[in-house]
Protein chains: 2
Amino acid sequence: MTPAVCPEDAKLIRESMQKVMVGTGEENLQHGRDFYKYFFTNFPDLRVYFKGAEKYTAEDVQKSERFEKQGQRILLAVHILANTYENIEVFKGYIRETINRHRQYKMDPALWIAFFTVWTGYLKSKMSLDEKTEKAWFKMGDIFNAEAQRHLKASGLPSTEGQAA
Amino acid sequence: MTPAVCPEDAKLIRESMQKVMVGTGEENLQHGRDFYKYFFTNFPDLRVYFKGAEKYTAEDVQKSERFEKQGQRILLAVHILANTYENIEVFKGYIRETINRHRQYKMDPALWIAFFTVWTGYLKSKMSLDEKTEKAWFKMGDIFNAEAQRHLKASGLPSTEGQAA
C-alpha cells in the first residue's frame, strides 16, 4: 500500500511552488530556464539525455527557445505533482503517464529518485527552503519513486527493482 | 483577467471525479473504456480524429487495448484539471500544454468547449449528477475554453476568436 500523505507536507510543497509559477510572462519563463541552467551546470553528465544539447552551458540554455518551452513543461509537471499529491491515485496515475512518455529516452531508472535532489537543489538556488519543506519533497520523492519503479517493472522495462523477465 | 474559481465548485467537481478514478485495477480501466464507449456512441462524427478507429462501435472500444490506455489518459487529464482548478495559473498552464500536444490532430477549435458537454454526458451515464455540479463543470469549461482559444490564437492556430494573421 502507498503510505498516506501528510497534509502539512503537501501544503509546504505547494507553498514552495508558488515562487516558481508557470505562465507566459517573462518572469515565469525565466523560472523554467533557471531550472535547466541549474541542472546542466550542476549535473552536466545528464545533458546526454537532451539530444543536440549535450554540451549546452547555462548561457546556451538562456538563449534557447527549446529550453524556454522545456522549462515550462518541467515546471508544469512538478506543479501537477504538488497539486495531486493528496489525491494519491491521481498522483500515481500521473507518475505512470510520465514514465510512459519517457520510454523513448531509455533513461537509467535510478534517475527518477535522483530528480528530487536536482529539484530541491534548484528550489534552493531560487529561495530559502526550510528543513521541513525539503524533507517533505524527499518524502514525495520516495513515494514517486516507488510507483515509478513498480510501473517500470510492470511494463517490462529496466527498474532499480531488477528488470522483469 | 481570469475569473476567480469558486472553491465550492472545485469541491463538487473533485467529488464527482472520485467515482471515475484512474488506476491499474479492472474497475478503473473500465471507467476509461466507458468514456470512449459513451463518446463514440453519442458523437460518432468525432471518431474521425481517431485514425484507424473511425468506425469503432462501443463493442470495438471495449475490446481495444489502445482505448484501454487512451481511456486512462483522458481520465487522468480531467483529474488534473479538477485538482489544479483552484491554482488557476497551473490550470491554465496545463490547458496550454494540452493544446500544444493536440496540435498534430488539427482539431476544429470549437471542440474544446464541446468537450465539456461530452464529459458531463459521460459522467451522467455513470452516476447521478446534481444541477450544481453540472453547472460547476460548465463554468470550468468556459474558463478552460477562454484560455484554450487565447493560446490557439497566440500560437497562430485557428481559434474561435478568428485565426491570427
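Naming: A, B, ... by sequence-line order, numbering from 1 per chain.
In this structure, the ring of A:F144 has its center no less than 6.0 angstrom from the ring center of A:F115.
At a threshold of 4.0 Å, the pair B:E68-B:R33 counts as salt-bridged, since one of the basic side-chain nitrogens sits closer than that to a carboxylate oxygen.
Of the listed residues (A:R101, A:R96, A:M21, A:H79), the one with the most heavy-atom contacts under 4.5 Å to chain B is A:R101. Between chain A and the options B:L76, B:L75, B:V22, the largest number of non-hydrogen pairs under 4.5 Å is found for B:L76. Chain B forms more heavy-atom pairs under 4.5 Å with one residue of A:T24, A:N87, A:N28 than with any other, namely A:N87.
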Just do the side chain to side chain contact (heavy atoms under 4.5 Å, CB included) check on B:E97 and A:Q72 with the steps written out, would you?
CA-CA 9 Å; B:E97 175 72 7; A:Q72 289 302 298; over 6 Å; no
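Residues B:W137 and B:Y38 share a single hydrophobic cluster, defined by chaining ILVMFWY side chains whose heavy atoms lie under 4.5 Å apart.
For B:R14, no part sits under 4.5 Å from any heavy atom of chain A, backbone or side chain. Looking at B:E86, there are no atoms closer than 4.5 Å to chain A (heavy atoms on both sides), in backbone or side chain.
Remark: A:Y56 pairs with A:F67 by the ring-ring contact (aromatic ring centres under 6.0 Å, His included) rule, at least two apart or across chains.
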